[in-house]
Amino acid sequence: VQLQASGGGLVQAGGSLRLSCGVSGRSFSTYHMGWFRQAPGKEREFIAAIDWTRSSTYYAESVKGRFTISRDNAKNTVFLQMNDLKPEDTAVYYCAASRGTYYDQGTYTYWGRGTLVTVSS
C-alpha cells in the first residue's frame with residue numbers, strides 16, 4: 001500500500017484547504033484511513049480518521065467542527081476538508097492507513113509523505 005498526500009499550501013487565517021490522499025495497492029476500501037499532522041518542534045498529532053465503511057469518524061478536539069474527513073472508495077482517495085484555518089494549524093499533514101481500530105492511532109502502519117500547510121495570520 002502506497003499513500004501520497006497533496007493539496008497543502010499557504011493560506012490566510014480563516015481560509016480553507018482540501019487535502020487529498022491517493023492510495024495505490026489492493027483493497028483500499030478495507031483500510032481505515034487517518035490524518036495526522038506534525039508542527040515544528042511538536043509531537044505528531046492524530047487529528048481525524050474514518051473507518052472503511054465510511055460510517056464512523058474520529059476528530060481531535062483541536063479540529064472538531066472545522067475539519068471534515070471523507071473518502072471515495074471508488075477513487076482510492078481520502079480527503080480532509082479544512083475550514084476556518086488558524087495559524088496553529090500550520091504543520092506537515094500525513095495520511096495513513098490502518099487495518100486495526102480506526103480511532104486508535106497506534107494501529108496506523110502505512111504512511112505517505114506529508115504535505116505542508118502554512119496558515120498566515
Side-chain angles (χ1 to χ4, degrees):
V1 177
Q2 293 184 323
L3 301 86
Q4 179 63 59
S6 61
L10 175 64
V11 63
Q12 289 188 332
S16 298
L17 279 176
R18 188 193 197 201
L19 304 184
S20 299
C21 176
V23 181
S24 61
R26 291 184 170 183
S27 304
F28 167 77
S29 62
T30 65
Y31 286 90
H32 308 312
M33 298 299 299
W35 286 96
F36 296 72
R37 68 184 181 186
Q38 188 163 20
K42 294 188 176 181
E43 293 187 354
R44 187 175 64 196
E45 182 184 13
F46 180 38
I47 59 171
I50 186 167
D51 79 332
W52 70 272
T53 69
R54 297 175 294 175
S55 63
S56 298
T57 56
Y58 159 84
Y59 295 98
E61 286 298 322
S62 58
V63 306
K64 195 174 292 184
R66 299 187 298 122
F67 291 11
T68 302
I69 188 170
S70 61
R71 64 190 293 165
D72 185 337
N73 286 346
K75 296 183 178 179
N76 283 18
T77 304
V78 62
F79 304 97
L80 186 68
Q81 178 66 43
M82 306 187 295
N83 298 329
D84 189 24
L85 283 161
K86 304 175 181 181
E88 51 264 42
D89 294 318
T90 294
V92 177
Y93 284 71
Y94 300 89
C95 59
S98 165
R99 276 274 175 86
T101 304
Y102 77 97
Y103 53 80
D104 181 350
Q105 61 180 306
T107 66
Y108 285 82
T109 55
Y110 299 96
W111 294 83
R113 290 188 175 184
T115 185
L116 177 62
V117 173
T118 303
V119 184
S120 63
S121 57

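Values reported hereafter were calculated over all heavy atoms of this structure, with side chains retained and with hydrogens, waters and symmetry mates removed.
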Go through M82 and R66 one step at a time and tell me if the side-chain contact (heavy atoms from CB on, under 4.5 Å) criterion holds. CA-CA 6 Å; M82 306 187 295; R66 299 187 298 122; over 6 Å; no
Classify the side-chain pair D72/T77 by whether it contains a donor and acceptor separated by less than 3.5 Å. no
For N73 and F28, work out which heavy atoms get closest and say how close. OD1-CE2, 3.2 Å
Could you go through the side-chain contact (heavy atoms from CB on, under 4.5 Å) check for V78 and W35 one step at a time? CA-CA 9 Å; V78 62; W35 286 96; 3.9 Å; yes
Using side-chain heavy atoms (C-beta onward) and a distance below 4.5 Å, is S62 in contact with R37? yes
For L80 and A48, the nearest pair of non-hydrogen atoms, with its separation, is CD1-CB, 4.1 Å
Which class fits the ring pair F36 and W111: parallel under 30°, tilted 30 to 60°, perpendicular over 60°? tilted
Is R99 close enough and on-axis enough to Y31, meaning under 6.0 Å and within 45°, for cation-pi? yes
With rounding to the nearest 0.5 angstrom, report the CG to CZ distance, L17 to F67. 9.0 Å
L116 and V119: same hydrophobic cluster, using ILVMFWY side-chain contacts below 4.5 Å? no
Working to the nearest 0.5 angstrom, can you tell me the gap between T30 OG1 and D51 CG? 11.5 Å
Where is the tightest heavy-atom contact between L10 and S120, given as atom of each residue plus distance? CD1-CB, 4.3 Å
Are I47 and V92 co-members of a hydrophobic cluster defined by side-chain heavy atoms under 4.5 Å apart? no
Measure across N83 and S16 and return the closest heavy-atom pair with its distance rounded to 0.1 Å. OD1-OG, 2.9 Å
Which heavy-atom pair separates A97 from L3 by the least distance, and what is that distance? N-CD2, 4.0 Å
Residue pairs passing the side-chain hydrogen bond (donor to acceptor under 3.5 Å, both in side chains) test with at least one member in residues 101-110, sequence neighbours excluded, are S98-T107
Assess the residue pair S121 and E88 against the criterion (side-chain contact (heavy atoms from CB on, under 4.5 Å)); give the C-alpha distance rounded to whole Å, side-chain angles, the decisive distance to 0.1 Å, and a yes or no. CA-CA 10 Å; S121 57; E88 51 264 42; over 6 Å; no
What I'd like to find out is whether the side chain of C21 reaches to under 4.5 Å of the side chain of F79, using heavy atoms alone. no
Can you tell me how far apart OG (S6) and CG (L19) are? Round to the nearest 0.5 Å. 7.5 Å
Is it the case that one hydrophobic cluster holds both V23 and W52, taking links as side-chain heavy atoms less than 4.5 Å apart, direct or via other members? no
Quick check against the 3.5 Å criterion: does H32 have a side-chain atom that pairs as donor or acceptor with the backbone of A49? no
Taking all atoms of both residues into account, what is the closest heavy-atom pair of R71 and S29, and its distance? NH2-CA, 3.9 Å
Would you say CD of Q2 has more than 12 non-hydrogen atoms from neighbouring residues, nucleotides or ligands within 6.0 angstrom? no
If only side-chain N and O atoms count, and only distance matters, is there a donor-acceptor pair under 3.5 Å linking Q81 with S70? no
Would you say the side chain of Y93 lies within less than 4.5 Å of the side chain of Q38, judging by non-hydrogen atoms? no
Between CD on residue E45 and CG on residue D89, distance to nearest 0.5 Å: 9.0 Å
